[in-house]
Amino acid sequence: MFSLAVAGSGFAQSPEQVYPSNSDAGKPKSLSVKPLNNANATKGATVAQQPAAPVSADSLPVAKPVETRAEQTPQDVNPLEQAPIQYYDEQKAAEGAQLLNTVLTASVIKVQEYPVDLQTVLKLVEAQNLPLLENRLTAKIQSNQYYRSVAEILPDIEGTYNQSRFQGVVQIFGSQTIPVYQTRLVPQLTARWLINPGGYDVFNALAARQRAKEAKIQVQATTQEQMTQAASDYFQLIAAGIQVSNAKVNIQEAQSQVALSEARLKAGVGTKLDLVRSKTQLLQREQGLISAENTLAQAQQTLLSLLNLDPDIELIPPQVAAQPHPLVPLTVNTEQLTARAVANNPNLKAVDAEIKALGFDAKATLSKLVPSVTLQTYINGTGPEIDKLGLGRFGGFTLQANLFDKLGTAIPLDYRTRRLQVQRKVLERQQQLRDIQTQVIKAYLDSRAAAKAIFVTQNGLAEAQEAHRLAIGRFRAGLGINVDVLNAQTALAAARVSVVNAILDFNTAQVALLNSLGEVSIEHVLNGIKPDVFTQTPPARKP
């Protein structure tokens, strides 16, 4: 059962002022009657309460003529007893509920229970979250591409072996020929080195290194995003479990009111209408329980998918009450928060790395204007057998220039494209910077609003509990009516939901604020950030 102890302001009136004393129960009461439209009646006349007398249609005061029905119901006959209408068949409803319970029990089977807390959830995300594993593989691919670009600077060494055999005739004198069987072996070792004096390979390697760095930063960003989502889903799971407990408490209160209405009806002091209303309230509370259990099951599946666990596992969170989980102190101003976010947000760092990579791409394109040099040398042997090879050597170089590629327009246009890509990325960084600042301020405002909502809803819950207690007391004493109790139960159920939702909103906003700062880690999600961290903020990095 979810409960909160909140100090209320109390009531200004005493119980004696709210409830009349028992000694006045038998005294006749007077009431003020104001006719609708009767000039002969005295305005504000006070008359004693008399037994009800038969009233005709002509004696009723009316403001304007109205049409009367052709058939009038006799006043001594109850219309509900004369034409009973059956809205609800209890037997059929019970059979349907039993069938539905059987279907649900047979279709939902949990084969394994898995106790989890917030720390366990975060560690599971770090170990086996699928998007995070995919980003780690992407980072490894980018690292290999960087090593491959560095290897482009190194020379190539290759070996070949050629063996041929000639069988035929050779003409020697006039028309005289002789048969020939000749074997030729040609092993060769070649070294080739492509040198780009303009630095094409070097710039490509530097660009690849920046992209490998960007991929690693993206792993950090994905880790923080997935941990943020996992923490939010965990808080949602806790809140859903508490809402299920609240729904069960609501059902118990509704069942108690049904039992009380049945007892009053048997004692002759209650009405059938009160019993029907109480049963309707109970059915509504049972529907609320079904909705709460479905929300809990949905939260279970959402968190299981994020943690990459089997869908037939049932997560068992600790049995805790709904409580705020502060992570970022709200005493820090937004300027300090945004400065911290600009300095530490991994998404911004990833954009900076991509801008540098595009800059190196532009330099590599421009370096193509410098001719490239290819150095080549080889040593080979030729002969019929291995031990009878004749050695040969070769060395030389080749100079190649692409100045007139596409009539000299290819390199300038490629370079201009690279520079435009850099400018576009700079604008993207500025937009992302604005987005980060907006996210920080919005999360900060959401946290403040949710913190205030927690205080208000807790006070509302205390007042709703007191109103429910008073309504129950008046009804049992015969001074109140059943509708007041049902309304108090409805208000109390809504107050419980509001408190849990306010705490959930606060915890979610705090995790979002932590993510916008780029400070999401297991330590910070569990224990939060200390206020002194914001006293010395490093300056923002420029691309």
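We use all heavy atoms of the structure for the numbers below, so side chains are in, but hydrogens, waters and symmetry mates are not.
Residues D312 and Q112 have side chains not in contact (no heavy-atom distance under 4.5 Å, counting atoms from C-beta outward). You'll find the side chain of R424 stays beyond 4.5 Å of the side chain of L420, heavy atoms only. Here the side chains of S521 and H524 are in contact, with some heavy-atom distance below 4.5 Å. Side-chain atoms of V125 and L307, non-hydrogen and from C-beta on, do get closer than 4.5 Å to each other. In this structure, L486 and S278 have side chains that are in contact, with non-hydrogen atoms separated by less than 4.5 Å. Side-chain contact between I313 and L304: present, with at least one pair of heavy atoms (C-beta onward) separated by less than 4.5 Å. Looking only at side-chain heavy atoms (C-beta outward), I316 and V116 stay at 4.5 Å or farther from each other. Counting heavy atoms from C-beta outward, F475 and Q257 have side chains that approach closer than 4.5 Å.
Taking both residues in full, the closest heavy atoms of G199 and S367 are given as C-OG, 4.1 Å, listed atom of the first, atom of the second, then distance. Nearest heavy atoms, K248 versus L289: CG-CD1, 3.9 Å. For S143 against K216, the heavy-atom pair with the smallest separation is OG-CE, 4.1 Å. Minimum interatomic distance between S516 and I436 (heavy atoms only, all atoms of both residues): O-CG2, 3.9 Å. Taking every heavy atom of both residues into account, V440 and L513 meet most closely at O-CD1, 3.5 Å. Nearest heavy-atom pair, L275 versus E262, reported as atom, atom and distance to 0.1 Å: CD1-CG, 3.2 Å.
Without hydrogens or angle criteria, R429 side chain to V351 main chain gives no donor-acceptor distance under 3.5 Å. Looking at H325, its side chain does come within 3.5 Å of a backbone N or O of V525 through a donor-acceptor pair. E314 contributes no side-chain N or O that, together with a main-chain N or O of Y114, makes up a donor-acceptor pair within less than 3.5 Å. Of the possible polar contacts, one joining the T508 side chain to the L504 backbone as a donor-acceptor pair under 3.5 Å is found. For Q224 (side chain) and G518 (main-chain N/O), a donor-acceptor pair under 3.5 Å exists by modelled atom type. Remark: side-chain polar atoms of S305 are not paired, donor with acceptor, to backbone N or O of T302 under 3.5 angstrom.
Under the salt bridge (Lys or Arg N to Asp or Glu O under 4.0 Å) criterion, no residue pair touches residues 265-277, with sequence neighbours excluded. Screening residues 290-299 for side chain to side chain donor-acceptor pair (under 3.5 Å), with sequence neighbours left out, gives no hits.
How far CD of Q301 is from CG of L309: 10.5 Å, rounded to the nearest 0.5 Å. Put simply, OG1 on T417 and CG on L358 are 11.5 Å apart, with the number rounded to the nearest 0.5 Å. Between atom CG of residue L273 and atom OG of residue S261 there is a gap of 10.0 Å, rounded to the nearest 0.5 Å. With rounding to the nearest 0.5 angstrom, the CD atom of E428 is 8.5 Å from the CD atom of E354. Atom-to-atom distance recorded for Y415:OH and K363:NZ is 9.0 Å, nearest 0.5 angstrom. The distance from the OG atom of S447 to the OH atom of Y444 is 9.0 Å, given to the nearest 0.5 Å.
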Pair Q323-I454, side-chain contact (heavy atoms from CB on, under 4.5 Å): steps then yes or no: CA-CA 10 Å; Q323 55 186 357; I454 291 175; over 6 Å; no
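Applying the side chain to side chain donor-acceptor pair (under 3.5 Å) test to Q281 and every residue at least two apart in sequence or in another chain returns T490. By the side chain to side chain donor-acceptor pair (under 3.5 Å) test, D484 is found to be paired with no residue, residues two or more places apart in sequence or in another chain being considered. With sequence neighbours left out, T280 forms a side-chain contact (heavy atoms from CB on, under 4.5 Å) with V276, Q284. For D117, the side chain to side chain donor-acceptor pair (under 3.5 Å) partners are T120, not counting sequence neighbours. Residues forming a side-chain contact (heavy atoms from CB on, under 4.5 Å) with P531 (at least two apart in sequence, or on another chain): P329. The salt bridge (Lys or Arg N to Asp or Glu O under 4.0 Å) search around E158 returns R192, not counting sequence neighbours. Partners of K123 according to the side-chain contact (heavy atoms from CB on, under 4.5 Å) rule, which considers only residues two or more places apart in sequence or in another chain, are Q119, I522. Legend: residues meeting side-chain contact (heavy atoms from CB on, under 4.5 Å) with T438, ordered by chain and number and at least two apart, are K442.
Considering E214, Q210, K425 in turn, Q210 is the only one that fulfils the side-chain contact (heavy atoms from CB on, under 4.5 Å) rule with K356. A side-chain hydrogen bond (donor to acceptor under 3.5 Å, both in side chains) with R496 is found for one member of N246, N250, N501, T457 and no other, namely N250. L517 pairs in a side-chain contact (heavy atoms from CB on, under 4.5 Å) with only one of the listed residues (V533, N345, L337), which is L337.
Salt bridge annotation for E519-R340: present, with a cationic side-chain nitrogen under 4.0 angstrom from a carboxylate oxygen. Under a 4.0 Å N-O distance rule, the pair R148/E152 qualifies as a salt bridge. Under 4.0 Å is where a charged nitrogen must lie from a carboxylate oxygen, and between R211 and D361 at least one such pair does.
A cation-pi contact, defined as under 6.0 Å to the ring centre and within 45° of the axis, is absent between R209 and F360.
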For residues 229-242, which side-chain donor-acceptor pairs fall under 3.5 Å, sequence neighbours excluded?
from, atom 1, to, atom 2, distance (Å)
Q229, NE2, D233, OD1, 3.0
Q229, NE2, D233, OD2, 3.4
S232, OG, T228, O, 3.0

Could you list the donor-acceptor pairs under 3.5 angstrom formed by side chains in residues 132-142, with sequence neighbours left out?
from, atom 1, to, atom 2, distance (Å)
N135, ND2, T222, OG1, 2.5
R136, NH1, E126, O, 3.2
R136, NH2, E126, O, 2.9
T138, OG1, E134, O, 3.0

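Judged purely by distance below 3.5 Å, without hydrogens or angles, the side chains of D435 and Q439 never pair a donor atom with an acceptor atom. Under 3.5 Å, the side chains of Q128 and N308 contain no donor-acceptor pair of N or O atoms.
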